[in-house]
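Positions are given from 1, in the same order as the sequence printed here.
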Amino acid sequence: MKTSFISIFLFVAAAAEAEVVSFKNDVMPIFLKSGCNAGDCHGSSRGQDGFTLSLFGYDSEGDYFRLMEEHPGRRVNLVEPERSLLLQKATGAVSHTGGELFAKDSESYQIILDWLNQGAPRDLEETPLATGIRFQAETHKFERPGGSLTAEVTAIYADGSERDVTRWCLFMGNNESVAPINEDGVVEAKKAGGAHVFARFDKFTVGMEITVLPEGEFVWPNPPENNYVDALVFAKLQDMRILSSDLCSDEQFLRRATIDLTGTLPTPEEYTGFLASDDPDKRRKLVDELMSRDAFGEVWAARWGEWLRIFTDTNPERGTAMQAGWNYYQWVRENMVENTPIDEFAQQLLSGNGSNLTSPPSNYYTMIPQGKVDPVRLSEDTAQIFMGIRTQCAQCHNHPFDRWTIEDYYAFQSFFMGVRRKHGSEAREYFTFVDVDAEPALHPVDGQPMAHKFLGGEYADVADKDARKVLAAWLTSPENRLFRENIANRIWAHFFGRGIVEPVDDFRISNPPSNAALLDELGRKLGEEYGYDQRKLIRDICLSRTYQLSATTNQSNAQDDALFSHAQLRRMRADVFFDCLCAALDYKHRFRRSSADRALVMFEGGRRDNFNAYFFTTFGQARRESVCACEDKTEANLSQALHLINGQTIDHALQRNPKLIPNLLDQFDTNEPIIETLYIRALSRKPTETELNGILEMLPESADRQARHKAFDNVLWGLLNSSEFMFNH
């Protein structure tokens with residue numbers, strides 16, 4: 001009896017001294033590392049083989065219930081822990097769809113076995129949980145290819161303690177050809193270049209920038225810097241041992257800036273005047289003059305028209321009548337032309353109330369949902385438009401590649417729960433208003449109301465207030481990096497063909513900026529220094545040496561597509577390309593159901609223009625079915641080439657009452673000036689001697705006007721079918 005008592009006492013004492021295994025902190029990480037709660041296994045919405053876990057472990061309480069209490073004794077055997085189905089399947093002792101995940105002598109097996117031996121307890125309320133993770137360094141530089149690094153990850157807990165969790169993390173990278181990372185966190189430097197590697201633990205993701213320098217000597221030539229843009233771009237290039245290209249020519253700059261800033265080609269008169277000027281400041285003066293035109297604001301109105309989904313419908317129940325859409329576009333255009341600060345523009349949109357026919361900003365709440373008011377759609381699209389964040393993944397589970405949780409998602413959705421609409425005095429009219437007493441969104445797991453909370457910020461005080469106005473004030477604060485960097489990045493992408501974060505509306509930890517210092521400074525300038533005056537930021541960009549670099553590459557930057565060491569060849573967007581064709585042809589195409597004189601200013605982006613619909617579809621104009629920037633497609637394809645070769649867009653301009661070639665034939669008696677004029681109109685340059693001689697040889701010797709007319713039609717047709725014309729460079 002005495003011996004038995006002592007044995008029991010010693011067993012209890014030993015158990016008390018043993019470290020208690022935490023389900024959330026110790027067992028759940030094993031499920032994550034082993035892939036048990038991944039989307040193709042038990043984390044699927046349907047589960048796997050009758051057992052379901054929350055995707056990536058976002059609902060640990062639910063996972064405990066399903067493991068221990070949903071079917072008591074089925075998956076866990078507390079009498080004989082080694083015979084628990086949980087362990088037998090994971091070790092392959094019994095049939096398991098996922099195969100063997102770990103061996104009996106592994107740390108994973110021992111942790112779960114210890115937890116079962118302790119009675120598989122539920123975590124106490126005071127159990128400190130992880131509050132974040134970090135790599136041992138934010139950056140790492142390899143001096144040459146061939147080295148390796150073990151990326152170590154530390155978790156920080158609510159009680160201030162820290163713990164090495166490297167072995168329980170999931171690892172991935174964004175450039176496997178440069179620096180792949182394996183499942184143990186070992187990074188290999190394969191070749192020169194830049195990359196990022198990422199680690200996920202619990203609900204947190206963290207990244208590390210990896211640089212692999214090329215071998216050999218490198219001398220930085222210290223190119224001149226026009227402003228802070230160049231300083232930050234060149235610092236990154238120097239760090240990566242990449243040389244920038246030379247400056248583009250005056251001809252290239254004239255064409256590039258005119259297309260980017262006004263959406264059309266420079267005229268022959270503008271070409272002649274710019275090339276003839278010997279003013280050393282003429283590029284700055286050109287930028288200022290182009291930005292003073294209404295066409296500059298119309299370029300950005302077209303952009304915002306796509307992002308805001310200005311798209312009408314004849315069904316009055318949708319609240320998207322053509323009159324409403326027209327008024328909405330004209331309001332956007334007016335704000336862009338008059339250079340309304342972007343923060344004020346965003347505030348007016350988010351707080352829009354009243355009639356969709358007489359209060360244009362209220363159309364934000366009819367055009368975005370395109371039907372019934374939908375707080376889900378409004379919250380997701382608002383985050384994507386104004387912060388560049390795609391929160392959709394967090395609707396059902398924690399975002400697997402970013403910091404956003406399911407709690408963040410529904411707390412942000414609460415800002416739009418009070419939006420209401422009602423019919424006006426006619427079928428086309430809808431009034432938007434807000435119920436300040438509306439209940440917040442409910443958590444889908446436990447049904448608890450989710451108090452209003454800013455994404456990445458604090459809880460909001462919305463008592464007796466329009467929650468949208470509270471959100472708008474926070475969103476557009478000069479200090480809000482989410483908003484200011486998103487806008488700055490979209491502006492940058494317009495001029496370089498890609499964002500510093502690309503895609504421009506996919507900011508996340510696992511999609512970091514290619515030049516973080518540059519994006520940070522552009523955002524700071526825009527929000528804090530320029531008061532969200534986008535013209536000032538655009539001017540900085542266009543006057544930088546970086547924007548004025550040539551598209552011709554050198555040996556060191558030929559493979560660079562993200563650090564802006566040279567200009568990219570950018571196929572013009574559909575509406576701009578259409579307008580440039582018309583400008584080069586000196587021809588006005590008809591638009592059906594529109595009084596617009598340019599494709600760029602059609603308020604729905606040409607959706608109702610049946611005359612030219614094939615062109616706009618073929619060249620990838622945004623369909624405005626979502627707010628995603630990806631809808632505007634600028635990739636070249638075979639259908640585009642075929643349409644330019646034998647489609648009606650060029651053919652009609654050349655065959656139906658043409659005036660360009662006849663006027664040139666009247667103006668010039670010889671062929672050379674006509675060829676030169678066609679080159680200037682289409683390519684903003686004169687032909688080279690080789691090109692000129694080649695064309696002269698092909699022209700008919702006959703002085704017959706009709707024959708000459710046809711020959712010059714062919715010359716112009718060839719120029720418009722060239723890659724040089726289609727691309728801005």
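Side chains of Gln384 and Gln392: a donor-acceptor N/O pair is present below 3.5 angstrom, by distance only. In the model, Asn339 has a side-chain atom that pairs as donor or acceptor with a side-chain atom of Asp533 under 3.5 Å. Donor-acceptor pairing under 3.5 Å is lacking for the side chains of Asn398 and Thr405. A donor-acceptor contact under 3.5 angstrom links the side chains of Ser565 and Asp560, judged on distance only.
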Could you go step by step and tell me if Arg571 and Glu635 meet the salt bridge (charged side-chain N to carboxylate O under 4.0 Å, His left out) rule?
CA-CA 7 Å; Arg571 207 218 74 198; Glu635 300 83 7; over 6 Å; no
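Nearest heavy atoms, Ser351 versus Lys469: CB-CG, 3.6 Å. Here the shortest heavy-atom pairing between Thr432 and Ser362 reads OG1-O, 3.8 Å. Shortest non-hydrogen contact noted between Thr391 and Tyr409 is O-CD1, 3.4 Å.
For Phe345, the ring pair (Phe, Tyr, Trp, His ring centres under 6.0 Å) criterion is met by Trp304, Trp331, not counting sequence neighbours. Residues meeting the side chain to side chain contact (heavy atoms under 4.5 Å, CB included) test with Cys582, sequence neighbours left out: Phe578, His589.
For the pair Arg256 and Tyr547, the distance from NZ or CZ to the six-membered ring centre is under 6.0 Å and the angle to the ring normal is within 45 degrees.
Looking at heavy atoms from C-beta onward, Thr205 lies out of side-chain contact with Arg508 at the 4.5 angstrom threshold. Under the 4.5 Å side-chain criterion, counting only non-hydrogen atoms from C-beta, Leu519 is not in contact with Trp492.
The distance between the ring centers of Phe454 and Phe415 falls below 6.0 angstrom.
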